Amino acid sequence: MMLNSAAPAISIAQLNHYFGRGSLRKQVLYDINLQIDRGEIIIMTGPSGSGKTTLLTLMGSLRSLHEGSLNILGTELFDASKEQMLLTRRNIGYIFQAHNLLGFLTAYQNVEMALEIQDVTAVEADERIREMLAAVGLEHRMDYYPSDLSGGQKQRVAIARALVSQPKIILADEPTAALDKKSGRDVVEIMEKLAREQGCTILLVTHDNRILDLADRIIYMEDGYLVDRSDVAAIVQ
Ligand code: ADP
Ligand code: MG
């Protein structure tokens with residue numbers, strides 16, 4: 001796939017999205033317009049049910065666009081083929097609320113999986129996995145299974161897994177929701193530091209007021225409308 005290196009990371013125009021059919025059809029996203037530059041760290045917040053996850057999965061090329069334009073790294077996803085959607089996904093690291101680690105694989109093996117579709121030698125892969133797990137403070141836990149790790153440690157493995165392939169974009173959906181205050185902030189600080197080092201763009205959905213200061217920009221979603229406002233910190237207090 002041609003990646004246009006001058007294009008913004010994410011550019012969305014006049015996007016509408018619906019769930020259901022016929023008389024049950026319900027609009028959940030209204031006229032979304034958003035531009036995110038490369039390397040920007042954006043936090044999206046707003047009430048539950050307002051459409052944040054839906055927008056995130058559209059940006060992640062995980063569901064098809066209904067109306068409007070959504071351009072990821074220079075590739076238009078409106079009317080994109082399955083193959084274009086798949087190729088776009090290779091440039092994106094995903095972190096979800098539940099860490100989604102595979103229980104029968106060790107921390108090392110969970111991170112390794114993310115490199116399997118990438119074009120790296122076994123030696124290079126091993127080096128990158130070790131480096132990434134060390135970067136999230138788990139150098140002594142590489143051979144542990146998820147059940148033997150704390151919530152914060154599991155989420156740090158998920159971060160290592162998302163970043164090891166050096167994606168251009170990280171999409172994180174409430175990654176601290178299952179964590180206590182301290183480990184939630186730790187996890188996001190690690191993510192932010194690594195992403196800044198790699199020049200990676202982050203879009204992070206959260207309800208967690210205590211991490212809003214880590215963002216370059218905060219956007220607010222309510223009832224399917226996106227509001228770009230700098231006073232959002234006051235709103236969500
Ligand atoms: P948020 O992440 O902000 O909590 P969501 O994007 O999950 O919001 O949901 C937005 C709206 O879309 C909600 O009203 C939700 O009930 C609805 N919705 C989400 N996913 C589906 C689905 N798969 N089918 C039908 N409605 C859905
Ligand atoms: Mg959600």
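Owing to the predicted nature of the structure, the values given are computational and were not obtained by experimental measurement. Read the numbers this way: they start at 1 and go in the same order the structure lists the ligands and their atoms.
Taken from CG in Leu115 to CZ in Arg128, the straight-line distance is 5.5 Å, to the nearest 0.5 Å. Summarising the geometry, atom NZ belonging to Lys154 is positioned 11.5 Å from atom CG belonging to Asn100; distances are rounded to the nearest 0.5 Å.
Considering Thr45, Val28, Val205, Thr54 only, the shortest heavy-atom separation from atom 9 (O) of ligand 1 involves Thr54. Of the options Gly20, Ser48, Gly51, the smallest heavy-atom separation from atom 8 (O) of ligand 1 is shown by Gly51.
Ligand 1 lies less than 4.0 angstrom from a heavy atom belonging to Pro47. Using a 4.0 Å heavy-atom cutoff, Met221 is absent from the residues neighbouring ligand 1.
For atom 14 (O) of ligand 1, the closest non-hydrogen atom on the protein side is Lys26 NZ, 2.8 Å. Scanning the protein for heavy atoms near atom 17 (C) of ligand 1, the closest one is Phe19 CD1, 4.0 Å. For atom 3 (O) of ligand 1, the closest heavy atom belonging to the protein is Lys52 NZ, 2.8 Å. Nearest protein neighbour of atom 4 (O) of ligand 1, counting heavy atoms only, is Gly49 N, 2.6 Å. Shortest contact from atom 7 (O) of ligand 1 to any protein heavy atom: Thr53 CB, 3.8 Å.
Within the coordination shell of the Mg ion (ligand 2), defined by N, O or S atoms under 2.8 Å, Thr53 is present.
For Glu197, the CD atom counts as densely surrounded, since its 6.0 Å shell holds more than 12 non-hydrogen atoms of other residues, nucleotides or ligands. Other residues, nucleotides and ligands place no more than 12 heavy atoms under 6.0 Å from the CG atom of Asp223.
Listed for the Gln155 side chain is a donor-acceptor partner under 3.5 Å among the backbone atoms of Pro175.
For ligand 1, the atoms lying closer than 4.0 Å to a non-hydrogen atom of Ser50 are 1 (P), 3 (O), 8 (O).
A donor atom on one side chain and an acceptor atom on the other are not found under 3.5 Å apart for Thr75 and Gln84.
Tested against Ile219 for a side chain to side chain contact (heavy atoms under 4.5 Å, CB included), the candidates Val205, Thr45, Leu203, Ile43 yield a single pass: Leu203.
In this structure, the side chains of Arg89 and Leu86 come closer than 4.5 Å at one or more pairs of heavy atoms.
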